[in-house]
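Here is the structure we will look at, set down as structure tokens.
First the proteins, then the strands, lettered A, B, ... as listed; each starts at 1.
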Protein chains: 2
Amino acid sequence: MPARDGAAPGPVRRATIKDVAEAAGVSRSTASRALTGRGYVGLGVRERVQHAAEGLGYVPDATARHLKQQVSRSIGVLVSDLRNSFYADLAAGISQQARRRGYTMMLADDNGSAADEVAAAERFVALRVAGVVVTPVAPDVVAYLSRHRVPLVEVDRQFGEGASDAVLVDNKHASRRVTEHLIGLGHRRIALLIDEMEWTTGRERHAGYEEACRAAGLPLEESLVVAARWDAGAARAAAADLLRRPDPPTAIFAANNLLAEAVWRAAADLGVRLPDDLSLASFDDAPWMSMVTPQVTAVEQDAVALGETAVTRLLERIEAAQAPPRTVMLGARVLQRGSTGPPPARAAVRSGSAGAGA
Amino acid sequence: MPARDGAAPGPVRRATIKDVAEAAGVSRSTASRALTGRGYVGLGVRERVQHAAEGLGYVPDATARHLKQQVSRSIGVLVSDLRNSFYADLAAGISQQARRRGYTMMLADDNGSAADEVAAAERFVALRVAGVVVTPVAPDVVAYLSRHRVPLVEVDRQFGEGASDAVLVDNKHASRRVTEHLIGLGHRRIALLIDEMEWTTGRERHAGYEEACRAAGLPLEESLVVAARWDAGAARAAAADLLRRPDPPTAIFAANNLLAEAVWRAAADLGVRLPDDLSLASFDDAPWMSMVTPQVTAVEQDAVALGETAVTRLLERIEAAQAPPRTVMLGARVLQRGSTGPPPARAAVRSGSAGAGA
DNA sequence: CTGAAAGCGCTTACAG
DNA sequence: CTGAAAGCGCTTACAG
């Protein structure tokens, strides 16, 4: 119930506990005790104070309280790109869980820049957040926050291995299962289009892919693994290059939703039909993948759960600062959909297909 | 440059300005002046203090500073659903612009609940944010924040008409243009699938639709305007009902991206082909709309720009608390794509098409 | 059961 | 040019 509807315009100055105390005819100490519920206070008094507070539209200053108590009820969150549905879902999960636990979320979007990331972390330290959840783009942010003794949880990928908490997806296993699915369909030339292979995500996804290939006795052809970094245009060009080769792969495993989009568009540009000419599988499901025809086979990560778990872990860490770091690994389901099917009968034949594309 | 890499583990207690002052051999006042740059300080002294601060990994406590200065450098942001790309893009724009202007963003997701929204606003007031940007779901939050004299900008829709600032899209005009586009293609039975018509968004989009119909001399058939609220399942059912009528519309204008998705899926369920059997246009473009075949004709809102503009407006408001409220109206482009085409030759004929659907 | 006093970390007139 | 003092709004032992 948001205070009373003041008929007259409220005071220009915001009401403080001093105002409440005076209105109720008690000391600030007593007013504080009445309002917070800690410490004794006479029966009538409590009500009198609460009434006065309501009448004044008093909202305690959380910053002043935190300054005195030296504990904060906000957490800092640092993601790479809110416009990507993965990070947006992650932020949604974090926000929900934080609210449930009584915390406020400060959110910064670092555009994938390591410098912006550290700058945002500094701001979080200045604001004395209780802890930080981050999808790091470089080790710097982890080092910085650790040095400042800020409770920290890395999500999705990890740079502080063994030194900080993390909530990750079982990348290697999910990646292996997707590759096995493709092999099971009969593919023997499977390309992996990936952003990079230094981060834990890239490393593990690549490892899962290789494991599956090796287990099936497929040769590991270097040219089938393409690292396209983070530029959408470059990724699309890389996908097109792959498809225009004299010996194109019959399947492409795209290591994230952006790369899958790049392959999808490149295939459309070149008139390559899914799944007849090419099978496509994606790590990370995105809304469009179940809207298109055929739908795209994908690893469903449940980014919302990832975010919720990260907050839970962070609050545990805040409670027990000395406990050894822990990495929580979440499973992921492979959603088999229409974009993956058996390879073309005579794969080698499909060569110079439709238009040359842009 | 994030402090030095301390070889020994840092102190358990965070360094304060007192520590810095002692290390530099000056008073706290002088240390403060040296660090903030306000007020005189001797030449050698400034360097000595800065050096000491760096050595201690000193990060000023922003909450303490704000308590003293009574001004805050954070803004509160309240959106309805981060998982919807519209709100995610909006938040991305707000976050970027806030960072550029030196502000931190506190973000809350209210799940479309008016109660959650007010609760989050209370938290923002407690944290003494400099201002709030909100996509309101009910008038309550606007009333609450106004009563507490918190600078406020409403985005996308507006409840505090004439009383608070707003950044809106020109809903009526864009809606009219989309409808005209459909009429131009030859459609005469155009349905409007909308969430509700009490908010400014719904009201204006509906008005634009009616204006275009009226101008073209089309009868305003009540049964062609369907308000489906916010449940995805219900929206899909409503869309299916529309399509299964004995006298189905030849075009549907969906008033947001979720409703467009509902129509898209319902059409697929029923084997209704776009644009041959049905034309579909959407208010608000979403990533999937340019991935599917045919692509979906949509009003492109540029949610990122909406967010950036809202922050700019909010900071202006903070500067000039007394200035009269202003509403900024942003244009929107109609992206004509493949989902809209001429109506079927003999519309009435297409009746009991494929499967009955769920 | 209540109030005076101290103090969280900072900044800012004001003496000197 | 510098430092002692006051104060932002709150909470919390501690006397009484």
Any salt bridge (charged side-chain N to carboxylate O under 4.0 Å, His left out) involving [range]? Give me the pairs, sequence neighbours left out, ordered by first then second residue.
range                       : value
residues 126-144 of chain B : A:Asp61-B:Arg128
residues 23-40 of chain A   : none
residues 92-113 of chain A  : A:Arg99-B:Asp116, A:Arg100-A:Glu308

Counting N and O atoms only, with roles assigned by atom type, does the side chain of B:Glu22 sit under 3.5 Å from a partner on the main chain of B:Ser27, one being a donor and the other an acceptor?
no
Within a 6.0 Å radius of atom CZ on A:Arg83, are there more than 12 heavy atoms belonging to other residues, nucleotides or ligands?
no
Please check if the number of heavy atoms outside B:Glu316 that lie under 6.0 Å from its CD is greater than 12.
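More than 12 heavy atoms, drawn from other residues, nucleotides or ligands, come within 6.0 Å of this atom.
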Protein-nucleotide distance (A:Asp19, atom CG; D:dC8, atom C1'), rounded to Å:
14 Å
Using whole Å, report how far CG of B:Leu43 lies from P of D:dC1.
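Going from B:Leu43 (CG) to D:dC1 (P), I get 8 Å.
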Please convert DNA chain C into dot-bracket. A pair counts if it is Watson-Crick or G-U wobble with both distances under 3.5 Å; crossing pairs go in [ ] and bases paired with another strand get |.
|||.||||||||.|||
Could you tell me which residues satisfy side chain to side chain contact (heavy atoms under 4.5 Å, CB included) with B:Ala126, sequence neighbours excluded, listed by chain and number?
A:Val59, A:Ala62
Salt-bridge contact A:Asp165-A:Arg326 (side-chain N to carboxylate O under 4.0 Å)
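The answer is no: the pair does not qualify as a salt bridge.
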In the 5'-to-3' direction, what one-character label does each nucleotide of nucleotides 9-16 of chain D receive under the scheme B = base within less than 4.0 Å of a protein heavy atom, S = sugar-phosphate only, - = no such atom?
BBBB----
